[in-house]
Amino acid sequence: MAPPIPKVLMVAEKPSIALSIASLLSRAQMSTRRGSTDVHEFEGRFLASPARFKVTSVIGHVFSVDFPGKYQDWSATDPLDLFQAQVIKTESNPKAHICRHLNQEARGCRYLVLWLDCDREGENICFEVINSTGFNINDTYRARFSSVTEKDVLKALDNLVRPNRDEALAVDARQEIDLKVGVAFTRFQTSYFQGKYRNLDSRVISYGPCQTPTLGFCVQRYLQINTFKPEKFWSLHPYIIQNGYEIQLEWKRGKLFDINVAMMFQNLVSEDGLLEVTEISEKQETKGRPVGLNTVNLLKVASSALGFGPHMAMQLAERLYTQGFISYPRTESTAYPTTFDFRGVLSAQTNNPTWGNYVQGLLANGYQKPRSGTDVGDHPPITPMRSAAEDMLGNDAWKLYQYICQHFIGTVSPDCKYIRRKVEFSIGGESFYCTGQQVVTKGFTAIMPWLAINDKNIPSFIKGQKIEVSKLELYEGKTSPPDYLTESELISLMEKYGIGTDASIPVHINNICERNYVQVQAGRKLVPTTLGITLVRGYQTIDPDLCLPDIRSFIEQQISLIARGQVDHRCVVQHVIQQFKQKFCYFVKKIEDMDALFEAQFSTLTDSGRLMSKCGKCLRYMKYISAQPTRLYCGTCEEVYYLPQKGTIKLYKELTCPLDNFELLICSIAGPDGKSFPLCPYCYSNPPFEGMEALINTAKTGTSGKIGKGAGMPCNLCPHPTCPNSLVSQGVCACPECSGTLVIDPISAPRWRLCCNMCNCLVFLAQGAHRISTTKERCPECESSILEVDFNKKTTPLEDGTTLHRGCILCDDLLHSLVEMKHGRSFRYRSSRGRGRGRGGRGRGRRGGRMMDPKMSFREF
DNA sequence: GCAAGGTC
């Protein structure tokens, strides 16, 4: 029997590329099935033999690096240890199950062909795929293609190479270095400064080899502005009247910074009084059409002309791309591939109401070959694909699409040509001039009118002609500081210094905004905040390298040694990590120098905040710090207690926690979906019962502080057996929507409600009742806590006009009829499911060494 | 809660 034809697995970097490659190789004769990513199958030839192809893709990196679990606890890890820590690779997107998908698709395949982007990251993803599939390197090939065109794809398949392990290892090195350096500095800074200053409004004080130099650029400009000393200058401007027009002439010397010298020239000129035309020149100038549009230039235009931040611009571009209106928006290249179908792309634009006629003209009269640009070998420049109308895209996306179209049309339009005239004059031994210009060919500026050159007419002169000075002005000016860095300028600087990539530049800018280091102001100018300025000034004081762009270039240059196979990967990582470790140690040693700057800018906890509740340790009042993250500060014990970050905090009836004697607080979240719950400030940060952390982490109350070790246990999660505020006392029944428990909201009167202690579920009870409370009794049917309701005398539903009623909200007809679910789901006793398991919870303490289930036992009704 | 890099 003939051997079965071999199967070839091909993997691309993203689903769209897999689809294109499969369509090209199969001439659209493939079958497609769904998986984690689509798989396209067809028959063809591979290595000169018949073969069956399967083309699928990853979605970017399969893995990312992290520290093992034991390093995840901030308080239990010395950041210094991170430099020596092991790093592990975990799946970047566990829900996508890409690793499993690749492994499954690889089964029964003889060969692996990797169609990843042709850069270091792509090479690294090659090995991620190899590791996920377990292919032997001898059966693994790499296709190198610079565009997804039939010609390129076929050429790549005929010229397969091997994946480049050195380039992949360079990326591994970068990942490890970035992780260790970033996380170590971030954790140290955050822990050091947070909780020390009241108005420090950032939850994380991050450091990163890209984000920090990015911030550095913004602060550098700020410091330039702040230290700028204006200087006076003077300039001489003679005026003449020629053919009835008054013209101001420019001085060849520009400006002078010494008034005496300037006045001397003024005298010379005014004594002469007669200008002589010494030179008349006319020259044709060209303003060149643009090269193809790459991501960085798109982002710059989006920020400076359209008012979209890079983050938003990329989101819009991404959507336009997935909807097929534009080509792939992440590219560095500005050169079109030789095979680019200009006519096809132009033809799609002939119906556009704004530029359709212009495009028809280009098609009829011949469009220009675009300027050469640079080809980085990634993707073609960003161009329109399908034609669109404004109502198909929405306002913002339309603006971006419009620009992309205009830019593309501009690249195949003629250059703009204009005539520049210059007339030079002499008087008293000084030279002056005036210029004018006249457009001959609008060229691409017809379609990109914001780049148009304005005509400026000057009257005609004759060489040797003498003209009287009508007025002589000695202009006094003042040098002015630069303006804040615009986002567009920042993008240029980042590109120039190699900070980030086309895809990550928006992320870094977004980061420094979100961390509250800079703010975007009108005109998309980046104004650093006090925090941003203080951080950078701190680095400048301790170790300026930390915020300079060279820190990135150093890493890049080191890992390039690996990529070129010149130095062993481990050696480089060790060397670089050692350097950063030393910098880190020095930074830690000198942190007080930075702290001095913080002290000057921010108020310490001790001198701020209003008195709130009593500390259980020293019995003195603690101060409430309302700035994020909200917390209590005990000045006597010098302790900080974090609080829920949402809602208002008040003292709760001067009640105290039976465990630690701290006064209880009540947190109320306003609004129709609001709720309130008591908490002990000490227990909230330091849950008293073992095993609570895991539970707290699953509670989606939106209120847990998530700060400090084990933060986030309010009383409604507390399993204390006798405290009247604990879950055990206040819990009523299982939440119908999650695994939590419904608890009485103690201050919800008269709109009585139960709130889930884990999710946002709300259940409204008898409205207007005087009092609703739990009792120690339990419903024999469903084990819910029996409620005691004291109805209002006027509105009581009880027949004899009495007000007191006891019952189960699920099984008691009267109470159940008064229950109303917030989101309209049914809420009733389901008798068919395993009840009576006898796990009576209330009043029960520890059993068999394990914590009592704090969700209470009536979960399974 | 932490970096930077892919992509969605």
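What's counted below: heavy atoms across the whole structure, side chains too, no hydrogens, waters or symmetry copies. The shown structure was predicted, so the numbers you read here are calculated from the model rather than taken from an experiment.
Taking the side chain of A/S206 as heavy atoms from C-beta on, and the options B/dG5, B/dA3, B/dG1, the nearest nucleotide is B/dA3. Here the side chain of A/A503 is nearest to one of B/dC2, B/dG1, B/dT7, namely B/dT7. When each of B/dA4, B/dC8, B/dG6 is scored by its nearest atom to the side-chain atoms of A/T501, the top-ranked nucleotide is B/dG6. Distance from the side chain of A/I59 is smallest for B/dT7 among the nucleotides B/dA4, B/dT7, B/dG6. Of the candidates B/dA4, B/dC2, B/dC8, B/dC8 carries the atom nearest the A/K14 side chain, counting heavy atoms from C-beta on. When distances run from any side-chain atom of A/V183 to the nucleotides B/dC2, B/dG6, B/dA4, the shortest one goes to B/dC2. Considering only side-chain atoms of A/P15, the nucleotide from B/dG5, B/dC8, B/dA3 that sits closest is B/dC8. With B/dG5, B/dA3, B/dC8 as the choices, the nucleotide that has an atom nearest any side-chain atom of A/D178 turns out to be B/dA3. Comparing B/dC8, B/dG6, B/dG1 by their closest approach to the side chain of A/S92 singles out B/dG6.
Counting any heavy atom pair closer than 4.0 Å across all strands shown, A/R552 reaches sugar-phosphate atoms only and no base atom. Looking at heavy-atom distances under 4.0 Å, A/P79 makes no contact with the nucleic acid at all. Counting non-hydrogen atoms under 4.0 angstrom, A/F185 reaches nothing in the nucleic acid. Residue contacts shown for A/F580 are absent, as no nucleic acid heavy atom lies under 4.0 Å away. Across all strands, A/V58 comes closer than 4.0 Å to no nucleic acid atom at all (heavy-atom distances). In this structure, A/Q175 reaches the bases: a heavy-atom distance under 4.0 Å links it to at least one base atom across the strands shown. Residue contacts for A/R515: at a heavy-atom cut-off of 4.0 Å it reaches the sugar-phosphate backbone alone, with no base atom in range. Across all strands shown, A/N124 has no heavy atoms under 4.0 Å from either base or sugar-phosphate atoms. The residue A/Q315 sits apart from the nucleic acid: no heavy atom pair falls under 4.0 Å. Heavy atoms of A/G500 sit under 4.0 angstrom from primed sugar atoms or phosphate atoms, though from no base atom.
Results of the side chain to side chain contact (heavy atoms under 4.5 Å, CB included) test with A/I98 over A/E128, A/H61, A/E91 single out A/E91 as the only residue that passes.
Between the side chains of A/T295 and A/T331, not a single donor N or O lies within less than 3.5 Å of an accepting N or O. Using modelled atom types and a 3.5 Å distance limit, the side chains of A/Y328 and A/S16 yield no donor-acceptor pair.
When rounded to the nearest whole Å, the span between CD1 of A/I559 and C1' of B/dA3 equals 14 Å. Computed from coordinates, the A/L82 CG to B/dC2 C1' distance equals 9 Å when rounded to whole Å. Counting to the nearest Å, the P atom of B/dA4 and the NE2 atom of A/H61 are 14 Å from each other. Going from atom CG of A/D66 over to atom P of B/dC2 covers 11 Å, rounded to whole Å. Between A/F67 atom CZ and B/dA3 atom P the separation is 12 Å, expressed in whole Å. For A/H379 and B/dG6, the NE2 to P distance is 10 Å, given to the nearest whole Å. Distance, A/W115 CH2 to B/dG6 P: 21 Å, rounded to whole Å. At whole-Å resolution of the value, CD in A/Q72 and C1' in B/dC2 are 9 Å apart.
A/Y141 carries A/R162 over the face of its six-membered ring, with the cationic atom under 6.0 Å from the centre and within 45° of the normal.
A sub-4.0 Å separation between OP1 or OP2 of B/dT7 and a side-chain N or O of A/R330 is present. OP1 or OP2 of B/dG5 sits under 4.0 Å from a side-chain N or O of A/S504.
Not less than 6.0 angstrom separates the ring centroid of A/Y642 from the ring centroid of A/Y684. Ring to ring, A/F602 and A/F193 are not that close: their centroids are 6.0 angstrom or more apart.
Between the side chain of A/T56 and the main chain of A/D38, a donor-acceptor pair closer than 3.5 Å is present.
The aromatic ring of A/Y207 does not sit over the base of B/dA3, since the test of centres under 5.5 Å and planes under 30° is not met.
The nearest heavy atom of DNA chain B to A/V181 and to A/Y328 marks one nucleotide each, and the one closer to the 5' end goes with A/V181. In terms of position on DNA chain B, the residue among A/S16 and A/G182 whose nearest nucleotide sits closer to the 5' end is A/G182.
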